Amino acid sequence: MPDKNNIVFLDGQFIAMSEAKISPMDRGFLFGDGIYEVVPSYDAKLVGFGPHIERMQNGLNAIGIKLDLGVDDWRDIAQTLIEKNGKGNLGLYFHVSRGADVKRFHAYPDNIQPTVFAYAFEIPAATKADKSTVKQYKVASTQDLRWKRCQIKSTSLLGNVMHFQQGQEAGVHETILYNEHNELTEASACNVFIVKDEVVITPPLDNQILPGITRNMLLDILRKYGTLQVEERVINMNEVNAADELWLTSSSKDIAPVVELDGQPVGNGSVGDIWQLAQSLYCANKYNY
Ligand code: PDD
């Protein structure tokens, strides 16, 4: 899929990426004033489409952007992007900014049209529940210095970008974050789970984390089809350091096993049995959402 010829959606039209132009006065550009989503699609089968669109609508409501696109409209856009860009493993990126004004002024302007952009990009093949082939992640940890509205999937991602970059500079794949009370929040672009004594634990939903669709689906799948104990509760970083397993979840990663945290092995330093179980339940049920 050469990027130049990638067919994208911009304000009602499907056009080549090279033709897609947005005003420099767009508030998405000036203020990061917008909401986005990433939905995975494997061989044209979408994962968690309804919940993704519902979260986007919640985000738009939270920041007062009114948009006349319902879940069926978004599904049409998704299907057209898949048809035009080839099936395979795609992430569908949806982006709504408040739109372009004639001046730069912080308050929400009246009567401007939101800018709606969507495109498809390649993502890795769906994760298989196979310990011997799965990518093993290494992470670092640092204090969460982002804002206090992390439940909104805002396009203002500089805080996340800076934390991700810290990880890159430390030679690891991701950065996991903790608040001023030494409690785990999430990672710069993923939610986080730990496993201790066969109990699967993840932080509760609040303003410190994104309500990840993969997180929510995994919790639901484990509770419906698994036999493991599952808890949503505050997790101290001491518990993270003493965990048997550590996982990252996101739409483009499914459940990613972490084998090293801050240079130390997680558990016995290899991919865990509970990961294998959880990923196989996830593979079997993820298309039902
Ligand atoms: N990231 N937390 C943060 C801060 C995220 O950015 C993401 C997703 C998640 C996981 O959410 P979900 O399971 O709904 O993908 C958690 C996306 C993929 C991104 O920004 O590219």
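Not measured: the values here are computed from a predicted model. Ligands are counted one by one from 1 in listed order, and the atoms in each one are counted from 1 as well.
The six-membered or imidazole ring of H95 lies away from that of Y36, with a centre-to-centre distance of 6.0 Å or more.
In this structure, H106 and F31 have tilted ring planes: the angle between them lies in the 30° to 60° band. Aromatic ring pairs are classed by plane angle as parallel below 30°, tilted from 30° to 60° and perpendicular above 60°; the pair F94 and W74 is tilted.
Of the candidates I213, D220, L219, I213 is the only one forming a side chain to side chain contact (heavy atoms under 4.5 Å, CB included) with M217.
Of the charged side-chain nitrogens involved, none lies within less than 4.0 Å of a carboxylate oxygen, so that K196 and E231 do not count as a salt-bridged pair.
A distance limit of 4.0 angstrom between heavy atoms and ligand 1 selects the residues Y36, V38, H52, R55, R146, K153, N160, E186, A187, S188, A189, C190, N191, L210, G212, I213, T214, T249, S250, S251.
The line from CD of E186 to CG of N179 is 11.5 Å long, rounded to the nearest 0.5 Å.
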